[in-house]
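Read the structure below first, then the notes.
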Amino acid sequence: MSDRMNLIPFHKMVDWVLEEYKTKASIFGIREKKFYRNKSGKHIELFGDKLASALGPAAGPNSQLAQNIVASYLTGCRFIELKTVQILDGEDLPVSKPCIRAEDECYNVEWSTELRIPEAYDEYIKAWFMLHLLMKELGLSESRDFMFNMSVGYDLAGIQSEKINNFIEGMRNASMTKVWRECTETLKSKMGQFKHFRLSDLEKISSEICPSITLS
């Protein structure tokens, strides 16, 4: 396992997903028959959102990269707790990597995000757009049936820092950020490649990414 997180540019991720689905009927190795669909029509309500299932990944490496969040959504996760961010990030983290070692036993030796906070933020916004795209394009739901929950730590001073405050405010409203504009323009430019996702669907994507927060 590499000690580096490889970030995929949003436009390349969209191309990857479309091509793999077209040629292999899978996305990131997940076969279409494994895609979760809420056949019961039942939902649960949480923080004002309706979720198609009560399942989701806890904050961890599994929710640090956009492609992992996409994989969790396709397999039934609807409450996505994003990887914890804190004032110490990236190469400043005084821990060994990779953060999960699996030999005879498995130990979690991580502290927090291995990405710099701006990188982590971009991953979460990219995932937000990808889930909206796939929701409509694959016919998984007519309206948003998932939610993101941000996770921050690890002490009050760190949470009150400018770095973390900017992250929190950006998750409350992402509309003025560079990555939001990039994702929007990317989907606009590729609109002709989609079968079901329309410009009206893009315009409905809320810039409020997280209505809730977990203190780690």
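- Looking only at distances, a side-chain donor or acceptor of Arg31 sits under 3.5 Å from a matching main-chain atom of Lys24.
- The shortest heavy-atom contact between Pro211 and Phe148 is CD-O, 3.6 Å.
- Centroid-to-centroid, the aromatic rings of Phe146 and Trp128 come within less than 6.0 Å.
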Fill in: Working for side-chain hydrogen bond (donor to acceptor under 3.5 Å, both in side chains), residues Asn38 and Ser40
CA-CA 6 Å; Asn38 181 15; Ser40 71; 2.9 Å; yes
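- Taking Ile, Leu, Val, Met, Phe, Trp and Tyr as hydrophobic and joining them when side-chain heavy atoms fall under 4.5 Å apart, one finds Met176 isolated, its cluster having no other members.
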Worksheet entry | Derivation of the side-chain hydrogen bond (donor to acceptor under 3.5 Å, both in side chains) call for Ser151 and Thr214 | CA-CA 5 Å; Ser151 176; Thr214 295; 5.5 Å; no
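- For Leu18, the side chain to side chain contact (heavy atoms under 4.5 Å, CB included) test picks out Val14, Gln193, Phe194, with sequence neighbours left out.
- More than 12 heavy atoms of other residues, nucleotides or ligands sit less than 6.0 Å from atom CZ of Arg37.
- In this structure, the side chains of Leu74 and Phe28 stay at 4.5 Å or more apart for every pair of heavy atoms.
- Closest approach of Glu137 and Lys195 over heavy atoms only: OE2-N, 2.7 Å.
- Nearest approach of Ser26 to Glu20, heavy atoms of both residues: OG-OE2, 2.7 Å.
- Shown here for Phe10 and Lys126, the closest heavy-atom pair between the two residues is CE1-O, 3.5 Å.
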Quick one: side chains of residues 46-57, donor-acceptor pairs under 3.5 Å with protein atoms, not counting sequence neighbours, listed by atom name and distance.
from: Asp49; atom 1: OD1; to: Arg144; atom 2: NH2; distance (Å): 3.3
from: Ser53; atom 1: OG; to: Leu55; atom 2: N; distance (Å): 3.4
from: Ser53; atom 1: OG; to: Gly76; atom 2: O; distance (Å): 2.6

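- Residues Glu81 and Ser63 come closest through the heavy atom pair O-OG, 2.9 Å.
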